[in-house]
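To start, the structure under review is shown below, and the notes come after it.
Quantities reported herein were computed from a predicted structural model and do not represent experimental measurements. In what follows, chains carry the letters A, B, and so on, assigned in the order in which the sequence lines appear, proteins first and then strands, with residues in each chain numbered from 1. We use all heavy atoms of the structure for the numbers below, so side chains are in, but hydrogens, waters and symmetry mates are not.
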There are 2 protein chains.
Amino acid sequence: MSDFYRKTLKEKGLKVTPQRVAIFEAITHLKNHPTAENIIAYIKKNHPNISVGTVYKVLDSFVENKLLSKVKTEKDIMRYDSVLTNHHHLYCTETDRIEDYEDEQLNELIENYFKTHKIKNFNIQEVKLQISGKFNN
Amino acid sequence: MSDFYRKTLKEKGLKVTPQRVAIFEAITHLKNHPTAENIIAYIKKNHPNISVGTVYKVLDSFVENKLLSKVKTEKDIMRYDSVLTNHHHLYCTETDRIEDYEDEQLNELIENYFKTHKIKNFNIQEVKLQISGKFNN
DNA sequence: TCCTCAAAGATAATAATTATTATTTAGGAA
DNA sequence: TTCCTAAATAATAATTATTATCTTTGAGGA
């Protein structure tokens, strides 16, 4: 189980520490794009002595090494996303819920659109949709 | 000149104060989606005694009254946008530059796409594109 | 002109994040 | 396996953006 995390860390050239494995596991386990606080709370169960600063530093190093990406909401807190494929986000306007939205057909549509509609003086690297609305459940 | 600001404030039922007019003017004048700090720095020239708290409070009331909207970036600072039509944003991955991107044809394309591709358990209110890349100039 | 309540100013408080520094430890070398 | 060193962690302090509090001021209606 944790072998996957250890292996991935090693591949990225990151030292395999219990804290890093725990944080990696926490993000994979926690849904809804956790905040640093969510992650800290979750990890405290098994690693009561983990330092808050460590969590922030590990998260930063994960983002740098493309194990995670950051997500911003209307509220002012940074959240983390462990899904690294090209995907979009559904934002609930009532709660702080964020869901991933993957749609290959949509990606192609957008890609084709911008192929024929260049933006002047701008080279596109990535297009992400922020889809705001309400969940029915 | 400032009559426009005074008139708009009045219409929204907001008391017309020199601070509010100055902040309104600053946002309209400053390009690149200013931060609160940018706005404060700009206003200090003519209103050296303006209070930082006042600026935040005025900005909040403007957002509430739909004179402004907030923009989220990867970085940790709130930025403000005085353009209120449905538009998208170009984010420079190298600098903190953000430009508005208006494209009615794109809006229609996306709207039509989601008309025929409903997302289950989700009612879309708004779709915004975060277009990341590099400016050529 | 006067009055009142909302707005502004000053300041303190908060909350998330970052920086600092001493201690510990992963992992390669002997 | 043990030792060594650079890197990682823990503890703590500092920072930064923002919000709250509370007193004073002034916009705008009576």
Side-chain angles (χ1 to χ4, degrees), chain A residues 2-3 5-26 33-44 46-65 67-68 70-80 96, chain B residues 2-3 5-26 33-44 46-65 67-68 70-80 96:
Chain A
S2 78
D3 280 351
Y5 306 124
R6 313 181 79 84
K7 186 161 160 281
T8 309
L9 290 171
K10 215 165 202 171
E11 279 167 9
K12 295 284 185 179
L14 294 169
K15 268 190 189 172
V16 178
T17 65
Q19 292 86 345
R20 282 179 173 170
V21 173
I23 291 165
F24 198 167
E25 192 270 327
H33 306 75
T35 63
E37 216 190 323
N38 297 149
I39 294 163
I40 291 161
Y42 178 84
I43 291 174
K44 283 262 160 132
N46 295 319
H47 294 74
N49 296 326
I50 197 160
S51 170
V52 170
T54 299
V55 174
Y56 279 101
K57 254 182 292 182
V58 169
L59 289 171
D60 272 355
S61 82
F62 283 6
V63 170
E64 229 172 273
N65 286 280
L67 292 173
L68 285 185
K70 291 183 171 190
V71 189
K72 261 292 188 182
T73 69
E74 278 300 299
K75 315 247 157 57
D76 226 343
I77 305 161
M78 189 64 71
R79 295 169 66 164
Y80 295 88
D96 61 354
Chain B
S2 77
D3 281 350
Y5 306 125
R6 313 180 81 83
K7 186 161 160 278
T8 308
L9 291 171
K10 214 164 202 174
E11 280 167 8
K12 294 284 184 179
L14 295 168
K15 267 191 191 172
V16 178
T17 66
Q19 292 85 347
R20 283 180 173 170
V21 173
I23 291 166
F24 199 168
E25 192 269 327
H33 306 74
T35 63
E37 217 192 322
N38 297 148
I39 293 162
I40 292 161
Y42 178 82
I43 291 174
K44 282 263 160 131
N46 296 319
H47 295 74
N49 295 325
I50 199 160
S51 169
V52 170
T54 298
V55 175
Y56 279 101
K57 256 181 291 181
V58 169
L59 289 171
D60 272 356
S61 82
F62 283 5
V63 170
E64 230 172 89
N65 287 280
L67 293 173
L68 285 184
K70 291 183 172 189
V71 189
K72 276 289 175 193
T73 69
E74 282 299 300
K75 315 248 156 50
D76 226 344
I77 305 162
M78 188 62 72
R79 294 170 68 163
Y80 296 88
D96 62 353

Check: Who passes ring-ring contact (aromatic ring centres under 6.0 Å, His included) against B:Tyr80, sequence neighbours left out?
Finding: none
Check: If you pin B:Arg79 and B:Arg6 to their nearest nucleotides in DNA chain D, which one's is more 5'?
Finding: B:Arg79
Item checked: Euclidean distance, atom CG of residue B:Leu9 to atom C1' of C:dA7 [Å, nearest integer] -> 13 Å
Margin query: So, using side chain to side chain contact (heavy atoms under 4.5 Å, CB included) as the criterion, who are the partners of B:Asn46 when residues are at least two apart?
Written below: none
Next item on the list: Rounded to the nearest angstrom, tell me the gap between atom CD1 in A:Ile40 and atom C1' in C:dA16.
Entry: 10 Å
Notebook entry, point to check: Are any of B:Tyr56's side-chain N or O atoms less than 4.0 Å away from OP1 or OP2 of D:dT18?
Noted result: yes
Item checked: By side chain to side chain contact (heavy atoms under 4.5 Å, CB included) - contacts of B:Asn65 (at least two apart) -> B:Lys12, B:Leu14, B:Ser61
Item checked: Main-chain N/O of B:Thr35 paired to B:Asn38 side chain as donor or acceptor, under 3.5 Å -> yes
Check: Atom NZ of B:Lys12 to atom C1' of D:dA27: distance rounded to whole Å?
Finding: 21 Å
Next item on the list: Could you tell me which residues satisfy salt bridge (Lys or Arg N to Asp or Glu O under 4.0 Å) with B:Lys7, sequence neighbours excluded, listed by chain and number?
Entry: B:Glu11
Next item on the list: Could you tell me which residues satisfy side chain to side chain contact (heavy atoms under 4.5 Å, CB included) with A:Ser51, sequence neighbours excluded, listed by chain and number?
Entry: A:Thr54
Notebook entry, point to check: Separation of B:Lys10 atom NZ from C:dA7 atom P, in whole Å?
Noted result: 15 Å
Notebook entry, point to check: Just by protein heavy atoms under 4.0 Å, how would nucleotides 4-10 of chain D read 5' to 3' in B, S and -?
Noted result: ---SSBB
Next item on the list: Can you sort out the partners of A:Tyr56 under side chain to side chain contact (heavy atoms under 4.5 Å, CB included), two or more places apart, ordered by chain and number?
Entry: A:Ala36, A:Val52
Next item on the list: Rounded off to whole Å, could you give me the CG-to-P distance for the B:Asn38 and D:dA17 pair?
Entry: 11 Å
Next item on the list: Would you mind reporting whether A:Arg6 and A:Phe24 have side-chain heavy atoms less than 4.5 Å apart?
Entry: no
Next item on the list: Give me the bend of the helix from C:dT1-D:dA30 to C:dA30-D:dT1, using the axes of the five pairs at each end, rounded to 10°.
Entry: 30°
Checklist line | Partner residues of B:Arg79 under the side chain to side chain donor-acceptor pair (under 3.5 Å) criterion, sequence neighbours left out | finding: B:Asn32
Margin query: From CG of B:Leu59 over to C1' of D:dT19, roughly how many Å is that when rounded to an integer?
Written below: 13 Å
Next item on the list: Return the value, rounded to whole Å, for the distance between atom CD1 of B:Ile39 and atom P of D:dT18.
Entry: 10 Å
